[in-house]
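Excluded from the calculations below are hydrogen atoms, water molecules and symmetry mates; all remaining heavy atoms, backbone and side chain alike, are included. Remember, it's a predicted structure, so these values are computed and weren't measured experimentally. Letters A, B, ... are given to chains in the order of the sequence lines, protein chains preceding strands, and every chain is numbered from 1.
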Amino acid sequence: MSEFKSNNAVIKWIEYRMPIFSFLDDAIGRGYPTPRNLNYWWNFGSLAGVALVIMIATGIVLAMQYTPHATMAFDSIERIMRDVNYGWLLRYVHSNGGSFFFLVVYIHIFRGLYYGSYKEPRELLWILGVVILLLMMATAFMGYVLPWGQMSFWAATVITNLFSAIPVFGDQIVTWLWGGFSVANPTLNRFFSLHYLLPFVIVGVVVLHIWALHRFGSNNPIGIDAKGPQDKIPFHPYYTIKDAFGFGVFFIAFAAVIFYAPNLFGEPDNYVEANPLATPAHIVPEWYFLPYYAILRAIPNKLLGVVAMFGSILIYFVLPWIDRSPVRSARFRPIYKQFFWIFVADCVLLGYVGANPPEGQFLLIGRLATAYYFLHFVIVFLLSYLERPRPLPSSISEPVLKGGGAAAGAAAKPMEKV
Amino acid sequence: MKKLLTVAAAVLAFGTGAAQAAEGTALPEYHWSFNGIFGTFERPELQRGFQVYREVCSACHGLRLVAFRDLAALGYSADAIKALAADYTFKDGPNDQGEMYEREGRPSDHFPSPFPNEKAAAFANGGSAPPDLSLMAKARKGGPDYVRALLMGFEEAPAESHIPEGLHYNIYFPGHQIAMPPPLSADAVEYSDGTPATVEQMATDVAAFLMWAAEPTLEQRKEMGIKVLIFLLVFTGVLYAAKRKIWSDLH
Amino acid sequence: MADSASPGHSGDGETRRDFLFLAAGALGVVGTVAAVWPLIDSMNPAADVRALSSTELDLSPVEVGQRITVTWRGKPIYVDHRPQKEIDAARSVNIDELRDPQADEDRVQKAEWLIVIGICTHLGCLPKGQKVGDPRGEWGGWFCPCHGSHYDTSGRIRKGPAPLNLHVPPYEYLDDTLVRIG
């Protein structure tokens, strides 16, 4: 039963007929108890939500001015930049917003990896998150094609060509994707349609993601379930204000890029209109795809390269079953913690390799880094059994250790909502 | 925390664009008036650059994304722009007889390309079409620095290199062999403000003009940026204080 | 249920706290409005559309008695080089009898040139009368075939369902034969 109460007649009238106020209060208000010890790494979920809203708002308004035809797309975007009121601002917010969205989501994911947020009972929450990531990647890929610059065209060509690696039906699938015999106007048109659609699918999955989250509430930095009301505080006002502050910091960084380095994450080649008869010297995807690009190119076989690339993300679906340690948080897993940071370094290294041509030393490093990427999950599996974790504190409110140390089997029963 | 900063630094190092592969020589640095947080264009420089474009570059290179009316930002009056536009003729129509006809340019028209299409441009230029310059300052790594350096970078080919007929040696062009012959020579243009028209001066002026042509809203962007950042710094500060206030009873 | 743990200060601390929250809220509103405005303003006419918001028209090739149609902001403009007969007909009318009372002198800057927007004020059809052989209605002006509105030689509604006279666009003469519309 919600504890929401109001003296306002209008609110009471609506609430009686459609209990939205108590619903919101229980979701993000005073009626949603949250662990009291969340640190700033827990801001990145709400930041991702903000980024999604910004992308949709700017995207809808940009779509009013954009023309999704191969002969007019490039010029329509330049018209937005030059003639549309605040067009330059909307375009830069949208293009850089995509980068910031991925940045925020990647940090959000690494937070999950560090603190074991994917573990029981939050496996489905985690899986929904991976689904969101995949939808984001599809959306971003198609969005990048829309300006119809050189990189737009050639990235589309390279990535859609990958599907020809699928045995038996590969070529038919690629023709079907293209709507023709190469990336051309039919491809652009359908990418525009899907690019407009997928963000709303993402919204739907985000709703499920939050629903799953609210079933058990947030994980917390020490990874121990709340034992009672003393371990929790109402989401409002504590985390609403903390999230608001987080938004402020995010917007400062975002504004610094939009206003003073709007082409920082971009490729100069994309300011050249697409030319199917001239391939750029270096085809590079946006930075957030670089690690997967490196994995793809590390493997000399086309099909296996594609399998490895998709595998590098799909493996996250089964992470809750690979990592079997009953201890959630890396704070109490000293060996896992080391490997976590090595994994982060490996991802960064893969990104660096992806930005460079697959030649010479980059080829070797890329292959080693790719091998290590997958090896990490083997290590994580082994650590489940081999690692001796630090003793866990008895509760969130009393993080100071009490004598003999709690058992390592502290992955308790799911807490009822307190 | 230290680990975090190392990671962040590494990410930024590669995340900011394509490979730092050693193509082309390092560009000479130049401080543009439009660099930095408070950067603005200098109208006289843009006007000189426009003169260079019109008298030298427009013979081969189009500027199709720029409209004549946009030149108001350079300080030209509405009448001057009207007169300038009227110097050009454009095909229009069909008229009531169903025929295409020629008419004078209007401020709303865009700069024309010197060739009717890409193939004609390539055919007239030994196989390589001179690219439109509207976005050149953003379409090459190094931006306006690259454009300026390129225009100053034509030199005698070193003895051991063999430059095929129709190509020219340029220090900064990737691969060092560019189809464009050196476009600038001393006093190629007579500046109306009396500035000596050295190759370096013209290269600098036209590069600045092309930066404006590529991003005419640069000044509005930077100006808005200052206001937005100041607002955000204040706002975030207030939010932090509010956060500390609200959390104070817990600690 | 969780502790509601609401901050409980009194007096000075409370007013300072309230000010802080008020400031945060006010800045938030200002910031949100400022952020939303570009989204809305981007839907207003862009610079290239605004550049086409006026058209210059050379009247010298239009002979007496000739009517031409030009486009302005996507709308048809009817230009009538009126012979004296039409001008007299337009001026010999009792203004009070008109559905939309307006003197001809108020609808033209030079008597021999009538410039009106060629869109029927009833439901938006284009009235006939511009081409030789077109029906001109009972008052020799224009006739709208959609629902039978008749306009006179000043473009005023005389019969039929249209409520208002044909609209006169803003225009000015740049010289004797050059007019800028809009």
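Between the CD1 atom in A:Ile241 and the CG atom in B:Leu239 there is a gap of 5.0 Å [rounded to 0.5 Å]. How far CE of A:Met81 is from NZ of B:Lys138: 4.0 Å, rounded to the nearest 0.5 Å. From B:Thr236, atom OG1 reaches atom CZ of A:Phe247 across 12.0 Å, with rounding to the nearest 0.5 Å. One finds the CG atom of B:Leu250 at 5.0 Å from the CD1 atom of A:Ile233 (value rounded to the nearest 0.5 Å).
A side-chain donor-acceptor contact under 3.5 Å links A:Tyr260 to the backbone of B:Lys222.
When the candidates A:Tyr92, A:Phe259, A:Tyr288 are compared by the number of heavy-atom contacts under 4.5 Å with chain B, A:Phe259 comes out ahead.
We find that A:Asp269 and B:Arg140 are not joined by a salt bridge, their nearest charged nitrogen and carboxylate oxygen being 4.0 Å or further apart. Classification of B:Glu215 and A:Arg91 as a salt-bridged pair fails, no side-chain N sitting under 4.0 Å from a carboxylate O.
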Discussion item. Would A:Arg82 and B:Leu65 count as a side-chain contact (heavy atoms from CB on, under 4.5 Å) here? Give the steps.
Written reply: CA-CA 9 Å; A:Arg82 294 158 189 272; B:Leu65 295 175; 3.8 Å; yes
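Here the two rings, on A:Phe245 and B:Trp247, have centers that are 6.0 Å apart or farther.
Proximity to chain A (any heavy atom under 4.5 Å) is shown, for B:Tyr240, by both the backbone and the side chain. Interface remark: B:Leu218 contributes no atoms to any contact with chain A (heavy atom separation under 4.5 Å). Heavy atoms of B:Ala137 lying under 4.5 Å from chain A are absent altogether.
Side-chain contact between B:Met224 and A:Leu89 is present, with heavy atoms from C-beta onward closer than 4.5 Å.
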